[in-house]
Protein chains: 2
Amino acid sequence: MQKEHNLSKNQKIIFDLIDKSRGPMKAYSILFNVQKKGIKAPLQVYRALDKLVEIGKIHKIESRNAFIACQNSSCQVSKATVFSICESCENVSEISNSKLSKYLSNFSDSSGMKYSKYNLEFFGLCKKCKSK
Amino acid sequence: MQKEHNLSKNQKIIFDLIDKSRGPMKAYSILFNVQKKGIKAPLQVYRALDKLVEIGKIHKIESRNAFIACQNSSCQVSKATVFSICESCENVSEISNSKLSKYLSNFSDSSGMKYSKYNLEFFGLCKKCKSK
DNA sequence: TTGTAAATGTTATATTATTACATAATGTTA
DNA sequence: TAACATTATGTAATAATATAACATTTACAA
Ligand SMILES: [Zn+2]
Ligand SMILES: [Zn+2]
Ligand SMILES: [Zn+2]
Ligand SMILES: [Zn+2]
């Protein structure tokens, strides 16, 4: 049961844009695309992005400084994320592999650290790009 | 057997600084610290960083836009990295766990993607910060 | 309805990273 | 050694990413 978050006006505009986009979007590209809807300043974009990340509707692809809609309906928060990134065409997908997730969520080592969150990015060539 | 890379002047200055530092360093903090050694421009720093990452002497902590010396003598290139990051004190360590590395290096899914690289960042509280 | 938290609007600025172009050092091969 | 290619450097300008500070408004619960 996923908590229903009532997105605010700006949050909804920005989420819809990212959700419809084919790939990850960068903050200033988002800004450019929503200016006709009245969102004029970077900060308005970043605030919405922060909130959307916080509630798990989108994730940040750290190595790309870009944002993608959650492709995994069970992600309530962005605290256990795995992505595959094609280094040629820059296509990004969210991987949901329960065995991998379980393995990572249960990971612990001798450092005494308590891990509450992780982000994993796999890089390589997608099917299309491999065959070129 | 690790290939010996003869670092250039700037590469050496910047690697030594990062290597001596207690934690990850940011590019402009590096710049500030090496100005007395004649490195005056951001680009000089970024070029050295790029090279050092390429040969695996340092790694980039993507979520922090910061750079850390490789703590794992067998890392010849930055292509299979795992870090633990304390969200309170920002302490970062490179995790070298052969079981985990093997698991991740062998990971494949049904997407048809061939993975050649990964970066995993674990977040949590370190021992010290937990007990505060 | 009053208080509080969340969201918005706006301007300015900080931080991170790259482009473009010129020159110098290094290493390889003929 | 001469010629060539590769790698590294220097410098200036600018692009791209992200936050600080402050004023106001909206949503919503006590
Ligand atoms: Zn997700
Ligand atoms: Zn591809
Ligand atoms: Zn390493
Ligand atoms: Zn800590």
Side-chain angles (χ1 to χ4, degrees), chain A residues 3-18 21 23-68 77-78 87 90 92 119 121, chain B residues 3-18 21 23-68 77-78 87 90 92 119 121:
Chain A
K3 181 176 176 205
E4 189 51 46
H5 282 280
N6 296 311
L7 300 183
S8 72
K9 188 181 116 245
N10 288 0
Q11 289 159 15
K12 185 157 181 10
I13 290 169
I14 287 172
F15 175 72
D16 286 345
L17 177 67
I18 296 173
S21 147
M25 292 194 75
K26 309 200 126 210
Y28 277 71
S29 152
I30 293 168
L31 175 59
F32 179 81
N33 276 275
V34 296
Q35 270 173 337
K36 48 186 169 296
K37 304 224 172 184
I39 296 176
K40 291 178 206 153
L43 190 50
Q44 295 175 289
V45 172
Y46 281 104
R47 283 197 284 224
L49 290 173
D50 284 350
K51 184 68 182 185
L52 291 167
V53 166
E54 186 193 323
I55 64 180
K57 301 279 288 182
I58 65 172
H59 304 300
K60 182 171 186 183
I61 309 300
E62 292 288 356
S63 65
R64 298 300 186 259
N65 297 318
F67 300 84
I68 193 172
V77 287
S78 298
E87 291 188 290
E90 291 295 323
V92 174
N119 178 55
E121 297 181 0
Chain B
K3 183 180 174 200
E4 188 51 45
H5 283 279
N6 297 311
L7 300 183
S8 72
K9 188 182 116 245
N10 289 359
Q11 289 159 15
K12 185 156 182 7
I13 290 170
I14 287 172
F15 175 72
D16 286 346
L17 176 67
I18 297 173
S21 149
M25 292 195 75
K26 308 201 128 210
Y28 276 72
S29 152
I30 292 168
L31 175 58
F32 180 80
N33 276 276
V34 297
Q35 270 173 337
K36 47 186 169 297
K37 304 225 172 183
I39 295 176
K40 291 178 204 153
L43 188 51
Q44 294 175 290
V45 172
Y46 281 105
R47 282 196 285 223
L49 290 173
D50 285 350
K51 185 68 184 187
L52 291 167
V53 167
E54 186 193 321
I55 64 179
K57 300 280 287 182
I58 65 172
H59 305 299
K60 182 172 188 183
I61 309 300
E62 292 288 355
S63 65
R64 299 300 185 259
N65 296 319
F67 299 85
I68 192 173
V77 287
S78 297
E87 291 188 290
E90 293 294 326
V92 174
N119 178 54
E121 298 181 0

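Not measured: the values here are computed from a predicted model. In what follows, every chain begins at residue 1, and chains take the letters A, B, ... in the order their sequences are listed. All values below come from the heavy atoms of this structure, side chains included, with hydrogens, waters and symmetry mates left out.
- Atom-to-atom distance recorded for Lys57(B):NZ and Gln11(B):CD is 10.5 Å, nearest 0.5 angstrom.
- Here the P atom of nucleotide dT16(C) and the NZ atom of Lys26(A) are 15 Å apart, to the nearest Å.
- Between the CZ atom of Phe32(A) and the C1' atom of dA16(D) there is a distance of 15 Å, given to the nearest Å.
- Here the side chain of Ala27(A) is nearest to one of dT10(C), dA18(D), dT11(D), namely dA18(D).
- To the nearest 0.5 Å, atom CD1 of residue Ile30(B) and atom CD1 of residue Ile14(B) are 6.5 Å apart.
- Applying the 4.0 Å criterion to OP1 and OP2 of dT11(D), one finds that Gln44(B) has every side-chain N and O outside that range.
- One can place CG of Leu43(A) at 15 Å from C1' of dT15(C), the figure rounded to the nearest angstrom.
- Remark: Asn6(A) is not in phosphate contact with dA27(D), judged by side-chain N or O atoms under 4.0 Å from OP1 or OP2.
- Stacking annotation: Tyr28(B) is not stacked on the base of dT15(C) (requires ring centroids less than 5.5 angstrom apart and an interplanar angle below 30 degrees).
- Whole-Å rounding puts the Tyr46(A) OH to dT8(C) C1' distance at 18 Å.
- Look at dT24(D): its Watson-Crick or wobble partner, with both distances under 3.5 angstrom, is dA7(C).
- When distances run from any side-chain atom of Lys40(A) to the nucleotides dA7(C), dT10(C), dT18(C), the shortest one goes to dT10(C).
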